[in-house]
Amino acid sequence: MTLEEIKALDHAHVMQSYGRFNLAVDHGKGATVWDSEGREYIDFTSGIGVCSLGYADEGWIAAITEQARKLGHISNLYYAEPYAKLALKLCTRTDMANVFFSNSGAEANEGMIKLARKYSFDKYGKGRGTIITLKNSFHGRTITTLAATGQEKFHNWFFPFTEGFRYADANDLASVEALAGDDVCAVMMELIQGEGGVLPLDQAFVDGVVKLCAERDWLVLIDEVQTGVGRTGTMFCYEQYGFRPDVVSFAKGIAAGLPFGGVLASEKCRKVFTPGTHATTFGGNPIGAAAACYVLDRLDETLLSDVQAKGVYLREEIEAMNLPCLGKTRGLGLMIGIEVRDGWTNREVAEKLMENGLLCLTAGPGLRLLPPLVITKAEMDKGLEIMRKALS
Ligand SMILES: *Cc1c(COP(=O)(O)O)cnc(C)c1O
């Protein structure tokens, strides 16, 4: 089908909740995709951080087809090998105690919020269910994760929202302390606010929050849906901040293109969920788990240090171009934010790049790059050249 044909069907029959770019992607290989008309694009988006191994990775295809031939789904009524192996790999890599599997980032965060509230309920009883989150955060699109998201623009239309969230200023420990009370059970945050604009938290702020949480028996809940699974050059971003959270959520890149996520809990939270307290039909499904096992096997020390080096390379090259519309870069590994200068909007810059053959994301008021972790030097250079030509 042509772009116009696909668009016509979308507009006629799909709820118009997305402001899509004027592009229909047909297929991909590595960090390159082709559209419905056969035009080629370098991809600095990975389907919003999901396609961590790029497109049509041979090993990933083999892992999921082999599992599809054996068992595509069975539900959590029965044990199955793929999720058990995946749980072992995740706990071994992170030194966490155990894991609950979900199907998306928002659902992982729902699990994390439920876990924190039940941890507190089991220990202290009712009335201690409030979670402090940060302004400018993003935690998902369910009613509860929208409530957890500290941006006013997300608190519209869908009233009543879940109660029990208070919003502190990022990088301002006093503002977290000011929200303290007997009703608080946890602080939940992204270490680099992704959708908010690729804004890394300060080390001193994170240290302060972790200390405050320990003093008050609040859980430290880290949303690594975007930063996790190698995106920042370590398995999880918290490693680079030098602490281990009580609970961490992950999703996007874990299964390299299949809907999969979860929450990892530390020893002290191991027993919070008991039979019947939390569940999902699809969670931990065999094909997604087989894909995730393959992703973790690929994510060795060599690939992780490559991610760091590639991130540095892209940032240095972009800043050295001195383009009129782009300013400073920030981020960690292959999670990169680029300032868009006054006089330009991030959407128009992204569209201009797309028209010239490069896919980029927006975040907050800036541009955001989340290339596949396996992107090659040649693909990066091609993307950079497009950026130079299109924006000079
Ligand atoms: C993308 C994202 C989510 C939501 O994940 P979905 O899979 O879209 O539900 C939650 N938190 C963060 C930090 C994210 O980047």
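Numbers here simply count residues along the sequence, with the first being 1. Everything numeric here is computed off the predicted structure, so don't read it as measured data. Just so you know, ligand 1 is whichever comes first in the structure, and atom 1 is the first atom listed for that ligand.
The pair K135-D172 does not meet the salt-bridge criterion, since no charged nitrogen lies less than 4.0 angstrom from a carboxylate oxygen.
Only the side chain of N109 comes within 4.0 Å of ligand 1, judged by heavy-atom distances. Neither the backbone nor the side chain of A251 has a heavy atom within less than 4.0 Å of ligand 1. Contact annotation: for E190 versus ligand 1, heavy atoms closer than 4.0 Å belong to the side chain alone.
Scanning all protein heavy atoms for the shortest distance to atom 9 (O) of ligand 1 gives A106 N, 2.8 Å. For atom 11 (N) of ligand 1, the nearest non-hydrogen atom of the protein is D223 OD2, 2.8 Å. Of all protein heavy atoms, the one lying nearest to atom 6 (P) of ligand 1 is G105 N, 3.5 Å.
Residue-ligand proximity, H139 to ligand 1, at heavy-atom distances under 4.0 Å covers atoms 10 (C), 11 (N). Listed by number with element, the atoms of ligand 1 under 4.0 angstrom from any heavy atom of S104 are 7 (O), 9 (O).
For H155 and F165, the ring centers sit 6.0 Å or farther from each other.
Using a 30° and 60° split on the angle between ring planes, F158 and F161 fall in the perpendicular class, above 60°. Using cut-offs of 30° and 60° on the angle between ring planes, the pair F250 and F101 is perpendicular.
Between D246 and Y119, the side chains place no donor N or O within less than 3.5 Å of an acceptor N or O (distance only, hydrogens not considered).
Side-chain contact between L370 and K252 is absent, with no heavy-atom pair separated by less than 4.5 Å.
When the heavy atoms of E195, E107, K252 are ranked by distance to atom 15 (O) of ligand 1, first place goes to K252.
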Report all side-chain donor-acceptor pairs from residues 20-27 shorter than 3.5 Å, counting only partners two or more places apart or in another chain.
from : atom 1 : to  : atom 2 : distance (Å)
R20  : NE     : D10 : OD2    : 2.9
R20  : NH2    : D10 : OD2    : 3.0
N22  : OD1    : K7  : NZ     : 2.8

